[in-house]
Amino acid sequence: MSASDASRARTRSPRVKSRSPSATAWTLGRAAKTTATTAHHHESVPIRESKRFEVPSETLMKRMGGPSDGKAGLSGGFRTEEEINQILYEGSKGSKFLEDQKRRDKDTQAKVDKLRGILAKKLLEARGNEEACADAILAQLEETRDLSRVITLVDADAFYAACHQLEDPSLAGTAFGVGGGMLTTASYEARRYGCRSAMPLFLAKLLCPHIKSLSLKPELYTRASKAIFSILEKYGPIAPASLDEAYADMTDYCANEGVTPAEAVARMRAEVYETTGLTVSAGVSPNKTLSKIAADINKPNGQFVIDPTAEACQAFIRDKPLRKCYGIGRVTEMLLNGLGLKTVGDIYKHRCRLYLMRDHLPFRWLLSLYLGLGSNSVKRAKRGDRKSYGAEKTFHPTSDRTELDNMIKRIAKSLAKDVARSEFSGRTITLSIKHDNFQRVTRAHTPGRNIWIHSYQDMVKYGLELL
DNA sequence: TACATACAC
DNA sequence: TATGGTGTATGTA
């Protein structure tokens, strides 16, 4: 029937307050991820004439650009977004991946229809006080506004690509990507052709035949990341968000040095460049939400500062497409589009219907987004904060039980190693299988409230049972 | 607790 | 020919 399973096993454990003497690893654990596959036979269906004229939906085409599409703006390219998506669509035609994308698109469309149905009904029962209710919540949220901090998001430009370019300056100005089968990063030159992160190499080559692909060198990135973060730390407490991104609270630095946020961040960026050779972009504002969006504005090697006034914050975010906001992905964007919203400003315009739909949408969160509010807490995650560990591997489709068993063992081995290193232990182990049609199923097992999973043997035992 | 989704990078 | 890996959060049953 269906093919290819990927399995993924992990242990999870709910957060446990360590009241017990063992201060170490009461935290949480998670185990292995595996990926296996089974053979897939599907009859070849003759293409009917009518099929030839089938036109992909607009939303499906939007998917073609990859998951990061719409988040980062692309400009100055050789092709339009439509041309790029068309090439990617042609290159993906007939693939199981595309079929899965179609399925997802359809599912989301169904959600949109359902939501619109609910809205239609709610509109009939509307009491007329929705605007007042929404405005009251807005006023309440406004009370919480805190403009006292200087919060910066620093984001390295084309980080992996830049790291390689430092090693090999001859790469400068050339089209290259980092990653074997899948690109983790595309150089700026490659981006002009439409190549993006998370794009498979074979598609990137359709867009840019001369693109060069470099293998990943993880040590290169972790070293560069540490170098960048240690500089940021001189300017205030930081909270890394990934290898190439960190928030910094520069309030005290600005006060102590008597400089404006713009000046402080310019110094920081210059220092990063001088000592690492890497350029970073930054956004500055009173909170993390706004700074994150702002960091994108003058990328690469630029910065954007939002003044610490309610007016500036609201004016900044009002015209931004919803998709630019952290937390709004493809699905949420489509749902909100379905209700008539495109930009953050539309949240206010449509606050009545959003109020009516408050049981189905994160209403207050959307209102605070409109106001340009957000957290300004910059705290480094602690060691024990981790909730899970996982490992996964994709392999060629197979339904051979021996092969699958071996894959489980291989993944368990890698996971057990990670877990051992961190002295982590988990109570729930989850096996996740990705079939060759990209559907995923997960199966979990919790042996007992006080039973902790951490050994390779246990992972294999439970993993094989779950398969 | 189990499972599926959504999201970020 | 061909679309990754790691982790968090949340809704629902």
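Every chain is numbered from 1 and lettered A, B, ... according to where its sequence line falls, protein lines coming before strand lines.
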Worksheet entry | Polar side-chain atom of A:Arg104 near backbone of A:Gln101 as donor-acceptor pair, under 3.5 Å | no
Practice prompt. Report yes or no: is the cationic atom of A:Lys292 (NZ for Lys, CZ for Arg) closer than 6.0 Å to the six-membered ring centre of A:Tyr326, at no more than 45° off its axis?
Written response: no
Practice prompt. Round to the nearest Å and state the distance from A:Arg323 atom CZ to B:dC9 atom P.
Written response: 10 Å
Worksheet item: Centroid-to-centroid, A:Tyr193 to A:His210, below 6.0 Å?
Response: yes
Worksheet item: With nearest nucleotides of DNA chain B determined for A:Gly448 and A:Arg103 from heavy-atom distances, which residue corresponds to the more 5′ nucleotide?
Response: A:Gly448
Item to complete: Name the nucleic acid region contacted by A:Lys111, choosing base, sugar-phosphate or nothing; use a 4.0 angstrom heavy-atom cut-off, strictly under.
Response: sugar-phosphate
Practice prompt. Give a yes/no on whether any side-chain N or O of A:Lys434 is located under 4.0 angstrom from OP1 or OP2 of C:dG4.
Written response: yes
Worksheet item: Looking only at side-chain N and O atoms, does A:Arg330 come under 4.0 Å of OP1 or OP2 in B:dT5?
Response: no
Worksheet item: Can you check whether A:Phe438's main-chain N or O pairs, donor with acceptor, with A:Lys96's side chain at less than 3.5 Å?
Response: no
Discussion item. In this structure, how many angstroms lie between the C1' atom of B:dA8 and the CG atom of A:Asp244, rounded?
Written reply: 11 Å
Worksheet item: Rounded to the Å, how far apart are A:Lys417 NZ and C:dG5 C1'?
Response: 16 Å
Discussion item. Heavy atoms only, 4.0 Å cut-off, all strands: where does A:Asp100 land among base, sugar-phosphate and nothing?
Written reply: nothing
Item to complete: May I ask you to verify if any side-chain N or O of A:Thr442 is less than 4.0 angstrom from the OP1 or OP2 atom of B:dA4?
Response: yes
Discussion item. Just the rounded figure in Å: distance from C1' of C:dT3 to CD of A:Glu99.
Written reply: 14 Å
Worksheet item: A:Leu98 near the nucleic acid: base, sugar-phosphate alone, or nothing, with a heavy-atom cut-off under 4.0 Å?
Response: nothing
Item to complete: Using a 4.0 Å heavy-atom cut-off across all strands, classify A:Gln101 as base, sugar-phosphate, or nothing.
Response: nothing
Practice prompt. Provide the Watson-Crick or G-U wobble partner of C:dT3, both distances under 3.5 Å; none if there is no partner.
Written response: none
Worksheet item: Rounded to whole angstrom units, what separation is found between the NZ atom of A:Lys102 and the P atom of C:dT3?
Response: 16 Å
Worksheet item: Think A:Thr394 has a side-chain N or O under 4.0 angstrom from the OP1 or OP2 of C:dG5?
Response: yes
Worksheet item: Nearest to the side chain of A:Arg104 - B:dT1, C:dG4, B:dA6?
Response: B:dA6
Worksheet entry | Residue among A:Glu83, A:Glu90, A:Glu82 satisfying side chain to side chain donor-acceptor pair (under 3.5 Å) with A:Gln86 | A:Glu90
Worksheet, complete the sentence: Any strand, both distances under 3.5 Å, Watson-Crick or G-U wobble: B:dA6 pairs with C:dT8
Worksheet item: Reckon A:Thr332 has a side-chain N or O less than 4.0 Å from the OP1 or OP2 of B:dA6?
Response: no
Fill in: Under-4.0 Å side-chain N/O to phosphate OP1/OP2 contact, A:Ser92 with C:dA2
no
Discussion item. From C-beta outward on A:Met182, which listed nucleotide comes closest to its side chain: B:dC9, C:dG4, B:dA6?
Written reply: C:dG4
Practice prompt. State whether A:Lys387 places a side-chain N or O below 4.0 Å from either non-bridging phosphate oxygen (OP1 or OP2) of C:dT10.
Written response: no
Response to the item:
Of the listed C:dT6, B:dC3, B:dC9, the closest approach to the A:Ala444 side chain comes from B:dC3
Worksheet, complete the sentence: Nearest heavy-atom approach of A:Asp436 to A:Pro397 is CB-CG, 4.0 Å
Worksheet item: For C:dG5, does either OP1 or OP2 sit under 4.0 Å from a side-chain N or O belonging to A:Lys393?
Response: yes
Response to the item:
Atom NZ of A:Lys93 and atom P of C:dA2 are separated, to the nearest Å, by 16 Å
Fill in: Side-chain donor or acceptor of A:Ser230 paired with backbone N/O of A:Ala227 under 3.5 Å
yes
Discussion item. Can you measure A:Lys324 atom NZ to B:dC9 atom P for me and round it to whole angstrom units?
Written reply: 12 Å
Practice prompt. Counting heavy atoms from C-beta on, name the nucleotide in C:dG4, B:dA8, C:dG5 closest to the side chain of A:Ala198.
Written response: C:dG4
Item to complete: Give the nucleotide from the list B:dC3, B:dA4, C:dT3 with an atom nearest to the side chain of A:Phe438.
Response: C:dT3
Worksheet item: Nearest-Å distance, CD1 (A:Ile429) to P (B:dT1)?
Response: 15 Å
